[in-house]
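Just so you know, these numbers use all the heavy atoms, side chains as well, and skip hydrogens, waters and symmetry mates. In what follows, chains carry the letters A, B, and so on, assigned in the order in which the sequence lines appear, proteins first and then strands, with residues in each chain numbered from 1. What you see is a predicted model, and the numbers here were worked out from it, not measured in a lab.
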Protein chains: 6
Amino acid sequence: MVHAVYPGSFDPLHNGHVDVIRRASRLFDKLTVGVTHNPLKSTALFDIEERLAMVRESTKGLSNVDAESFEGLLVDYMRARQAGVIVKGLRVISDFEYELQMAHLNRQMNADVETLFVMTATRWSFVSSTRVKEIATYGADVTKLVPPATQRRILERFGALQDDVPG
Amino acid sequence: MVHAVYPGSFDPLHNGHVDVIRRASRLFDKLTVGVTHNPLKSTALFDIEERLAMVRESTKGLSNVDAESFEGLLVDYMRARQAGVIVKGLRVISDFEYELQMAHLNRQMNADVETLFVMTATRWSFVSSTRVKEIATYGADVTKLVPPATQRRILERFGALQDDVPG
Amino acid sequence: MVHAVYPGSFDPLHNGHVDVIRRASRLFDKLTVGVTHNPLKSTALFDIEERLAMVRESTKGLSNVDAESFEGLLVDYMRARQAGVIVKGLRVISDFEYELQMAHLNRQMNADVETLFVMTATRWSFVSSTRVKEIATYGADVTKLVPPATQRRILERFGALQDDVPG
Amino acid sequence: MVHAVYPGSFDPLHNGHVDVIRRASRLFDKLTVGVTHNPLKSTALFDIEERLAMVRESTKGLSNVDAESFEGLLVDYMRARQAGVIVKGLRVISDFEYELQMAHLNRQMNADVETLFVMTATRWSFVSSTRVKEIATYGADVTKLVPPATQRRILERFGALQDDVPG
Amino acid sequence: MVHAVYPGSFDPLHNGHVDVIRRASRLFDKLTVGVTHNPLKSTALFDIEERLAMVRESTKGLSNVDAESFEGLLVDYMRARQAGVIVKGLRVISDFEYELQMAHLNRQMNADVETLFVMTATRWSFVSSTRVKEIATYGADVTKLVPPATQRRILERFGALQDDVPG
Amino acid sequence: MVHAVYPGSFDPLHNGHVDVIRRASRLFDKLTVGVTHNPLKSTALFDIEERLAMVRESTKGLSNVDAESFEGLLVDYMRARQAGVIVKGLRVISDFEYELQMAHLNRQMNADVETLFVMTATRWSFVSSTRVKEIATYGADVTKLVPPATQRRILERFGALQDDVPG
């Protein structure tokens, strides 16, 4: 049985993430979305419970997918959960370099873990959590970029859309 | 009539920016240098009035160029000003990836806006506002990197040049 | 009046090209699609007349667009046609580096010419003439990748589609 | 059951390939090494039978791995074999861009196929078939770069090693 | 006599740095490891004295290598020390772009200084000070990534290793 | 004594090459320009004697520089000449990746050899032999891109400049 983990901060979850989760869930027996929890850093927009809830609501149709938070190093978490595959989404070159570096480092620290890169769908390749937060901060519409579970929380946080922004 | 906007923080304006403005001004009927204003962030070295003044002084020979500050999302500003073209300077790969991502996102949010990339002249391709600030902080000479309007303000801010730095 | 040239071999014209032409035609007074003609090289799949015809058929709704073939250096062609802007589509990093190098070189050879980069739409960012030819060679369907004017000529050249390939 | 295909020309098979095969074989129920066969192109150093033999000899300890040649488009081959996953090794940026383009194109042509990227081990990241052929052509030692099945065939083809090259 | 400077923050020194120092020491008559000291920034994990000590302990077998801290611009430091060569390690593309930009800028500010790039060994290409700090923060083992002089200080700072992390 | 080799095909020598040679000659005791000679490949524009002559004429003011042709692998040539340093010019990302791959491979094949990368001056960063040949083929002026020794041979080969190209 291959157990894969898709790690990230998911602050917030966007459509590119959901796309990776959906496709990875078809390839592995079990897929855990691992939401990184850093109690010392307070820069996250959404707290760990909100982020876990977004993932759970958005993946409830996928029976072999669950979500969990973890602290510390990813390789330690993989070992504790006896998971053998790290799944990462690839969008652009800068992702690639960082991820390749992390993958080499993770492999050196835990030889039993394998990192697999999944391509984000073309239409979501330009979406990132940073952009979503930036757009949301200005009260603009993120409907096309995030799943409903994220959108609802963004509305609660930032209030109703501005009138001059098309729906 | 094609109205183009060249957005940026211009903190401060350097010769690479001036080069892009000069060339873009020949291609479009009107060019607005849009200086991003974020009243909540206080990390800028020069305030919005100083940055607008630098742009205005350095472009006063170009009759179809003006400068304005704006807050919020670029696509909303483009819509409000009925401007159809975003002009961006390209220097290096990392610029390119970020700008391409932003351009795709902007197009999704406002299908009527087009992003055009202008190549920065080879001799300015290594100049950035971050480097200019770093050099100025240590009291070194930035004469070759910025227009007089920027240089005067840097001198006012950081004092006279150190003796051991060649003019 | 700004006269722009969109140069390329267009062997064959695909949807990414058509997308660039359509958007560039809205930004410049006149847009000439410059099809490079190299009578010594015989590696092109379609001859110069076929390639010009594909462009003309696919752009006939755009009144300020025409198509022409040219031999020799692009800068010489720009000078002969008194055109001031080279338009290039940007898809990926490797495009970017090559195009940036060419743009710097062209500027050194002819200071009056400006190169502007237009972003190819996300959905066509992975299409290239090389891939289209490769797919067509194996008799697979290119309907979604090229305009009708290209598709008809591909069918004439490579025969009807194989049965096992979905429309 | 997930059936994955690792496609390539393997001309010749080197240690980076073997590393990818070994790791991918642990992740999927079945892994087919798909050796591309192009009877019209005669630029390959080793013919299709030799390349298949290298793969088979080098993977005989891996029970869920087999090797096959195929002609035509990869997506058609995937469909014919009812295989759902394409495995590709990632070494460097230029790989990444090309592979990402191909993966997007393949997904557009066959929505049921998924491309997964596996990281080549750091120590093989600089090895490619092109370099191996170049080194072999000059009679230098490739022992550290290829498996025995490849090395034996290189020796048969290019003769004994030169005396002045260290083993 | 060629005097080279290898500048950096070395916070902390890792095996990739040591590898560059060792190889550069064989190429130049004198090599100074220049540890950047910024008394205003307090983001460093180790203070300047600790970082200098790590470098000195780890290079004591190399007779033509010394270590010094410096404040201000690198070009001013080069001039003050009459050193003609800046040595930089190259690992990945993002290094490359930043370093190339800095090298062009340094050359413009001081035409007598030359930047030479040394390749970090493949096995250390994925190690960076940022990763080392991240791993150390979580109490995991960095033995394979840093020299003993760094490791000892990390243990003093972060305490003994966690039990569940393999040596 | 450090003996460095600057290898390449130099077909033809251009100003970017000359710039690298001049700067490298100040850093090493001896610099040999190693012109690769491949008697089997006939794709070179200039034969090996012409290319050597271009280098020799263009570097005759540099007393510690000589030029030689070599066949076979660079590492074997380095060993035969007891030279310890390979010098390469870096211009753009694609150079970087290829060169890094070659440098890692060369180091694996000959641990005593070190590759150092020198930055090409900004103003020559867009010049390559391929572009020079392309421009020369069309009879355009390459005066600004190549040294006199190259220019004279290009004129002999391609005839006088066209009238409409500015000097």
Legend entry - Polar side-chain atom of E/R107 near backbone of F/M119 as donor-acceptor pair, under 3.5 Å: yes
Inset, instruction - Can you measure from CZ (E/R23) to OG1 (F/T115) and round to the nearest 0.5 angstrom? - result: 9.0 Å
Inset, instruction - Any chance you could measure F/D29, atom CG, to E/D29, atom CG, to the nearest 0.5 Å? - result: 7.5 Å
Legend entry - Shortest non-hydrogen contact from E/L27 toward F/V2: O-CG2, 3.7 Å
Inset, instruction - Take atom CZ of E/R131 as the centre, draw a 6.0 Å sphere, and report whether it contains more than 12 heavy atoms from other residues, nucleotides or ligands. - result: yes
Inset, instruction - Can you establish whether the number of heavy atoms outside F/R81 located under 6.0 Å from its atom CZ is more than 12? - result: yes
Inset, instruction - Examine whether an atom of E/A121 lies under 4.5 Å from a heavy atom of chain F, and if so say whether it belongs to the side chain, the backbone or both; otherwise answer neither. - result: both
Inset, instruction - Decide if atom CD of F/Q82 counts as having more than 12 heavy atoms of other residues, nucleotides or ligands within a radius under 6.0 Å. - result: no
Legend entry - Heavy atoms from other residues, nucleotides or ligands near CZ of E/R22 exceed 12 (cutoff 6.0 Å): no
